[in-house]
Amino acid sequence: MAKLQPVRGTHDLIGHEARAHIALTEAARAVADRYGYSPIATPIFEFTDVFQRTLGDTSDIVKKEMYTFEDKGGDSLTLRPEGTAGVARAFISGGLRNELPLKCFYAGPMFRYERPQKGRLRQFHQIGAELIGVPEPTGDVEIIALGADILDALGILTETTLELNTLGDLPSRLAYRGALVDYFTGHADALSEESRERLTRNPLRILDSKDPGDRAVINDAPVFDDYLSGDARAFFKSVRAGLDTLGIAYELNPRLVRGLDYYSHTAFEFTTEALGAQGTVLAGGRYDGLIETMGGPATPGVGWAAGIERLAMMLRDPDVAVRPVVLVGMGDDGEREAMHLARELRCAGLTIDLQYKGGLKRGLRRANRINAAAAVLIGADELLRGAVTVRDLDSGEQVDVVITDLTDHLAAYR
RNA sequence: GUGGCUGUAGCUCAGUUGGUUAGAGCGCCUGGUUGUGGUCCAGGAGGCCGUGGGUUCAAAUCCCAUCAGCCACCCCA
């Protein structure tokens, strides 16, 4: 802490950046509203157990990325690294089992102790949606459609690719996992060091390895399709058919593996080339076993999360801030009247920027800088007549306006 | 957590083989216009050269450490 600087991997949101985040979140929320998804806000920290148990002891998040600390009461707490576990916990502790299906949308900060780089921060923000209590593939289709429509509302759907895979049901996955471990163990000496580690942690990940040596071994590895149960295969087929019906394009990616243990069946990611190494923009899947694992009633769920910073990087200058009208008062009487009028006009729904101090020149210069549409000049001459001067800052034209007509006159600038 | 690149004014950057008061553009402030912006002209403020240590008569420049940013890996949003 030599100099006053933000904690590594955190970032201040200032000005148009802050505005862009809010606009983006609200645009997404509006789409979620139309899908009937209600807002939910869970705490940004939970008992460590909530994440440890649900994400799986072998996941990177639990192993090295959690912000965990002990509070003054001696409880181990963790800043949430993702949103689903908290929602699931709220579902259980709030006794919402009679409210099914539960459809919710959230937005807020997440925390992961990672090495930061572009598109990856220690505190970042996500929007997310969860659909709890719907075991049918229709639920998967809806949740994916919601994600696609939000990306579309933001104008970036066409720059993304929807990748789709199935992780099968639990029996299928365990059988396949076992087959993979057997196979790769037999070829362990040919595997990279990293993949040998993955063998115990998450064997499915080996399939996604970029190591050339690994690729050769992977080519002859068992194929998941051979281990998929009939039910799991039928489920996946329904999901694909639903997406086809809605005209949502996707690419099958058999190597798409989710990092968190609680996923099953459908896994999907909207990815882009535009963001470098961090290509995943919106990702999720089905988590049928999660709530039961946490000690709740067996309840299926499906959902996704998207990184707001990553989405924001894909938007092109969405600065659509309203152009204000600037009020410039001159002299004591003028400044007092400006303050008074500012409040009246704001209450009337206009966006008003009050010039607090300084003369006309400075007021106009500042008006120009903040891209104001018009300036209202309030000085002694005008006040004697009960009027003000309204200057259009684009044309430079000025007109005298009686104060009682000002609100109506400025309607053109709202 | 691993490897590579980078760090000079609010921003983008220049700074010659180490050499005396560290520069430019943009932005900001003031004046030219005691009540009229954007253009133009003149002037001004603003830098412990990321931080700490070392080498040297002398360090923005060389060495080490550290912090931060970027890129790749890992992983993920």
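What you are looking at is a predicted structure, and each value in this text was computed from that prediction instead of being measured. Numbered from 1 within each chain, the chains take letters A, B, ... in sequence-line order.
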Once you apply a heavy-atom cut-off of 4.0 Å, does A/Ala375 come out as touching a base, just sugar-phosphate, or nothing?
nothing

Reckon A/Arg365 has a side-chain N or O less than 4.0 Å from the OP1 or OP2 of B/U30?
yes

Tell me yes or no: between the side chains of A/Glu344 and A/Thr407, is some donor less than 3.5 Å from an acceptor?
no

Integer-rounded Å distance: B/G35 C1' and A/Gln355 CD:
14 Å

Roughly how many Å apart are B/G38 and B/C26, using the P atom of each and rounding to a whole number?
15 Å

Nearest-Å distance, CD (A/Glu17) to P (B/C11)?
14 Å

From B/G37, B/C29, B/G35, nucleotide with atom closest to A/Arg369 side chain
B/C29

For a quick check under 3.5 Å, do A/Ser76 and A/Glu70 share a side-chain donor-acceptor pair by atom type?
no

Can A/Thr272 and A/Glu159 be counted as having a side-chain donor-acceptor contact under 3.5 angstrom?
no

So A/Arg29 and A/Phe105, side chain to side chain contact (heavy atoms under 4.5 Å, CB included) or not? Walk me through it.
CA-CA 7 Å; A/Arg29 195 185 296 282; A/Phe105 175 87; 3.7 Å; yes

When the P atoms of B/G69 and B/U33 are considered, how many whole Å apart are they?
50 Å

May I ask you to say whether A/Arg391 pairs ionically with A/Glu397, meaning some side-chain N is under 4.0 Å from a carboxylate O?
no

Residues touching RNA chain B, which here means a heavy atom under 4.0 Å, drawn from residues 390-408 of chain A:
A/Arg391, A/Leu393, A/Asp394, A/Gly396, A/Gln398

Atom CZ of A/Arg112 to atom P of B/A77: distance rounded to whole Å?
5 Å

Closer to the 5' end of RNA chain B via nearest nucleotide, is it A/Arg198 or A/Pro6?
A/Pro6

How far does the C1' atom of B/C73 sit from the matching atom of B/U17, given to the nearest Å?
39 Å

Interatomic distance, A/Arg366 CZ vs B/G38 P [rounded to whole Å]:
16 Å

Decide whether A/Glu17 and A/His21 meet the rule of one side-chain donor and one side-chain acceptor closer than 3.5 Å.
no

Whole-Å gap separating C1' (B/U36) and CE (A/Met330):
9 Å

Nearest whole Å is fine: how far is B/C29 P from A/Asn368 CG?
12 Å

Using a heavy-atom cut-off of 4.0 Å across all strands, would you classify A/Val328 as base, sugar-phosphate, or nothing?
nothing

Does the pair A/Arg89/A/Glu46 count as a salt bridge with the N-to-O cut at 4.0 Å?
yes

B/G35 base / A/Glu382 side chain donor-acceptor hit below 3.5 Å
yes

Would you kindly say whether A/Thr271 and A/Thr280 are connected by a side-chain donor-acceptor distance under 3.5 Å?
no

Is A/Ala367 touching bases, backbone alone, or none of the nucleic acid, heavy atoms closer than 4.0 Å?
nothing

What is the distance from CG of A/Asp214 to P of B/C74, rounded to the nearest Å?
10 Å

Using the P atom in both, what is the distance from B/C75 to B/A14, to the nearest Å?
36 Å

Strictly under 3.5 Å: I want the nitrogen or oxygen pairs between protein and nucleotides 69-73 of chain B, one per line.
| from | atom 1 | to | atom 2 | distance (Å) |
| --- | --- | --- | --- | --- |
| B/G69 | OP1 | A/Gly9 | N | 3.1 |
| B/G69 | OP2 | A/Arg8 | NE | 2.8 |
| B/C71 | OP2 | A/Lys118 | N | 2.6 |

When rounded to whole Å, the CZ to P distance for the pair A/Arg323 and B/G38 reads 16 Å

Could you verify whether a donor N or O on one side chain and an acceptor N or O on the other, from A/His11 and A/Gln123, lie under 3.5 Å apart?
no

Determine the Euclidean distance between corresponding P atoms of B/A22 and B/G47; express it in Å to zero decimal places.
13 Å

Choosing from B/C29, B/C75, B/U36, which nucleotide comes nearest the side chain of A/Glu114?
B/C75

A/Asp353 bridged to A/Arg323 by N-O distance under 4.0 Å:
no

Taking pairs as Watson-Crick (N1-N3 plus N6-O4 or O6-N4) or G-U wobble (N1-O2 and O6-N3), each distance under 3.5 Å, the stems of three or more consecutive pairs with RNA chain B are B:1-7 with B:67-73, B:10-13 with B:23-26, B:28-32 with B:40-44, B:50-54 with B:62-66

Once you measure the plane-to-plane angle for A/His409 and A/Tyr413, does it fall in the parallel (<30°), tilted (30-60°) or perpendicular (>60°) bin?
tilted

Considering only the P atoms, how many Å lie between B/A45 and B/U30, rounded to the nearest integer?
15 Å

P atoms of B/U20 and B/C49, separation to the nearest Å
15 Å

Check: A/Arg310/A/Gln278 side-chain N/O donor and acceptor closer than 3.5 Å
no

Between the side chains of A/Thr161 and A/Glu251, does any donor sit under 3.5 Å from an acceptor?
no

Between B/A9 and B/G46 - C1' atom distance, rounded Å:
6 Å

Of the options B/U36, B/U30, B/A77, whose atoms approach the side-chain atoms of A/Leu377 most closely?
B/U36

Over 60° means perpendicular and under 30° means parallel, so tell me whether A/Tyr176 and A/Phe224 are parallel, tilted or perpendicular.
parallel

